[in-house]
Protein chains: 2
Amino acid sequence: MTRVRPMRADARRNYERLLKVAAEAFAEQGENASLDEIAKRAGVGSGTLYRHFPNRRALLEAAYVDRIQAIAARADELADSRAPGEALTEWLYELCVGSIQVRGLKALLGSAVTDGSPGAVTACATSIKGAATRMVEAARREGALRADIEPVELLRLAHGVATAAELADGHGGQIRRYLSLLMEGLRAPRG
Amino acid sequence: MTRVRPMRADARRNYERLLKVAAEAFAEQGENASLDEIAKRAGVGSGTLYRHFPNRRALLEAAYVDRIQAIAARADELADSRAPGEALTEWLYELCVGSIQVRGLKALLGSAVTDGSPGAVTACATSIKGAATRMVEAARREGALRADIEPVELLRLAHGVATAAELADGHGGQIRRYLSLLMEGLRAPRG
DNA sequence: GCACCAAACGGAGACTGTCCCCGGTTGACC
DNA sequence: GGTCAACCGGGGACAGTCTCCGTTTGGTGC
């Protein structure tokens with residue numbers, strides 16, 4: 001158990017400003033927003049940015065953990081208020097909407113469900129997969145979902161739906177439609 | 001009718017070497033392969049590359065037109081040898097495999113079915129959409145496909161499937177599975 | 001053959017972005 | 001208010017994109 005000493009006041013200040021600015025920049029410009037530009041907008045040097053966040057992915061993840069947690073929490077909320085199958089569909093819908101509207105989020109969610117990506121075992125990946133697992137299990141019990149679909153597969157397929165919808169109009173206008181086509185295929189097999 | 005004078009011999013030579021090298025580079029490294037590096041490998045200056053191909057997309061497209069045409073031709077071949085629904089599924093499967101194995105191809109196919117992308121009206125887009133249209137119409141007639149699915153939507157969804165499969169293992173091992181799940185949802189509605 | 005010149009070449013260089021390094025600064029603690 | 005580890009920030013090496021322009025060369029008419 002290493003003694004963790006609290007961050008110095010200036011460090012904490014910079015850290016938080018960076019997160020705030022980064023979240024905005026990634027949302028607007030996607031995952032490839034300029035890091036030096038983010039540093040500048042946060043009023044710090046690029047050295048400071050890279051010390052706090054060794055690479056782009058680290059910053060991206062830090063900027064969106066809370067949003068991911070919110071999505072995970074939303075799963076339980078939906079599970080309480082609707083039938084499992086419906087809750088699942090609605091949750092995936094919201095996931096896709098978030099992926100398209102907040103541009104950096106999609107990349108992050110994608111790498112969270114990528115097999116064998118370095119550093120994939122992150123807080124983000126864990127909580128989103130946990131939420132998916134709970135929803136999938138409930139939906140299976142209700143017979144609203146085939147038994148051979150793994151939670152992580154569902155997340156990957158949802159990512160695919162978001163990608164397809166993005167190609168359509170760039171604003172997610174087709175998510176609902178594409179998702180319902182997919183869900184139709186994921187229902188328990190026809191008699 | 002403008003008089004088209006043939007390319008000078010050195011120009012044609014360079015043009016073709018660039019295409020060859022670019023196809024290799026994009027296949028290996030994806031759509032973001034370094035253009036200067038491609039020029040160097042082809043033994044020409046970067047100025048020459050940019051004169052022949054004003055931007056990355058132009059080079060990408062030129063490097064893969066023939067491959068896209070082959071995919072489009074393959075559609076007719078499959079249509080002749082199998083039932084429409086099965087032919088469609090197999091064609092989409094091959095499309096996805098190509099998208100994953102030849103890395104730059106996916107980006108190109110994606111932009112070909114993007115609504116409102118600049119320069120979307122290209123030879124690639126036209127021939128791939130044409131092939132999709134023929135397959136979709138045949139499948140519809142057979143009742144193997146819902147009537148409300150547009151050809152271009154199918155291409156977008158296939159792109160989504162390729163994306164999902166790529167997340168799974170990076171090599172397309174799940175394409176068949178994910179595609180069959182999708183196709184299940186695209187069949188004519190249950191009674 | 002040869003001279004001409006439009007077409008084509010190629011690489012220097014301006015610009016943007018990433019990331020590291022290290023001399024200077026500052027906040028926390030005594 | 002002195003000490004020092006932690007932190008800052010910007011300069012700079014490196015890589016990539018794309019343009020500009022002086023130089024070279026292939027095609028053509030003689």
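Here is how names work: the chains are called A, B, and so on, in the same order as the sequence lines, proteins then strands, and each is numbered from 1.
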| said: Using a heavy-atom cut-off of 4.0 Å across all strands, would you classify Ala33(A) as base, sugar-phosphate, or nothing? | reply: sugar-phosphate

| Interatomic distance where CD belongs to Gln29(A) and C1' belongs to dG17(C) [whole Å] | 13 Å

| query | Once you round it to whole Å, what is the distance between P of dG9(D) and OH of Tyr15(A)? | reply | 17 Å

| field | Tyr64(B) (side chain) donor-acceptor with Ala23(B) (main chain) under 3.5 angstrom | value | yes

| Any salt bridge between Glu153(A) and Arg177(B), counting N to O under 4.0 Å? | yes

| Could you state the CE-P distance from Met7(B) to dA8(C), rounded to the nearest angstrom? | 7 Å

| request: Between dT18(C), dA8(C), dG27(D), spot the one nearest the side chain of Ala9(B), thanks. | output: dG27(D)

| task | Indicate the atoms forming the closest heavy-atom contact of Arg41(B) with Arg17(B), along with that distance. | result | O-NH2, 4.0 Å

| field | hbond_proxy Arg8(A) side chain to dA6(D) base (donor-acceptor, 3.5 Å cutoff) | value | yes

| query | Can a salt bridge be assigned to the pair Glu16(B) and Lys20(B) using a cut-off of 4.0 Å between side-chain N and carboxylate O? | reply | no

| Between the two ends of the helix from dG1(C)-dC30(D) to dC30(C)-dG1(D), what is the bend in degrees, rounded to 10 degrees, where each end axis spans five pairs? | 10°

| request: Please report, rounded to the nearest Å, how far the P atom of dA6(C) is from the CZ atom of Arg51(B). | output: 16 Å

| query | Given dC18(D), is OP1 or OP2 found less than 4.0 Å from the side-chain N or O atoms of Ser46(B)? | reply | no

| Integer-rounded Å distance: dG27(C) P and Asp10(A) CG | 6 Å

With a cut-off of 3.5 Å and sequence neighbours excluded, list every side-chain donor-acceptor pair involving residues 66-78 of chain B.
residue  : atom : partner   : partner atom : Å
Gln69(B) : OE1  : Ser127(B) : OG           : 3.1
Arg74(B) : NE   : Glu94(B)  : OE1          : 2.8
Arg74(B) : NE   : Glu94(B)  : OE2          : 3.3
Arg74(B) : NH1  : Glu77(B)  : OE2          : 2.7
Arg74(B) : NH2  : Glu94(B)  : OE2          : 3.0
Asp76(B) : OD1  : Arg134(B) : NE           : 2.9
Asp76(B) : OD1  : Arg134(B) : NH2          : 3.3
Asp76(B) : OD2  : Arg134(B) : NH2          : 3.2

| Roughly, in whole Å, what's the span from CZ in Arg57(B) to P in dT17(D)? | 14 Å

| Do any side-chain nitrogens or oxygens of His52(A) fall under 4.0 Å of OP1 or OP2 in dC8(D)? | yes

| query | 5'-most contact on DNA chain D: Asn55(B) or Arg13(B), nearest heavy atom basis? | reply | Asn55(B)

| task | Ignoring backbone atoms, test whether Ser34(A) places a side-chain nitrogen or oxygen under 4.0 Å from the OP1 or OP2 oxygen of dT16(C). | result | no

| Aromatic Tyr93(A) / basic Arg176(A) pairing, under 6.0 angstrom, 45° off normal | yes

| Side-chain ion pair, Lys106(A) and Glu31(A), N-O less than 4.0 Å | no

| query | dC19(C) P sits how many Å from Leu49(A) CG, rounded? | reply | 10 Å

| said: dT19(D), OP1 or OP2 - any side-chain N/O from Tyr50(B) closer than 4.0 Å? | reply: no

| field | Side-chain (His171(B)) to main-chain (Asp169(B)) donor-acceptor, under 3.5 angstrom | value | yes

| query | Touch check for Asp36(B), heavy atoms < 4.0 angstrom, all strands: base, sugar-phosphate only, or nothing? | reply | base

| Tell me: CD of Glu37(A) to P of dT18(C), nearest whole Å? | 10 Å

| request: Mark yes or no for a side-chain to base donor-acceptor pair under 3.5 Å between Asn14(A) and dC8(D), with no hydrogen or angle criteria applied. | output: no

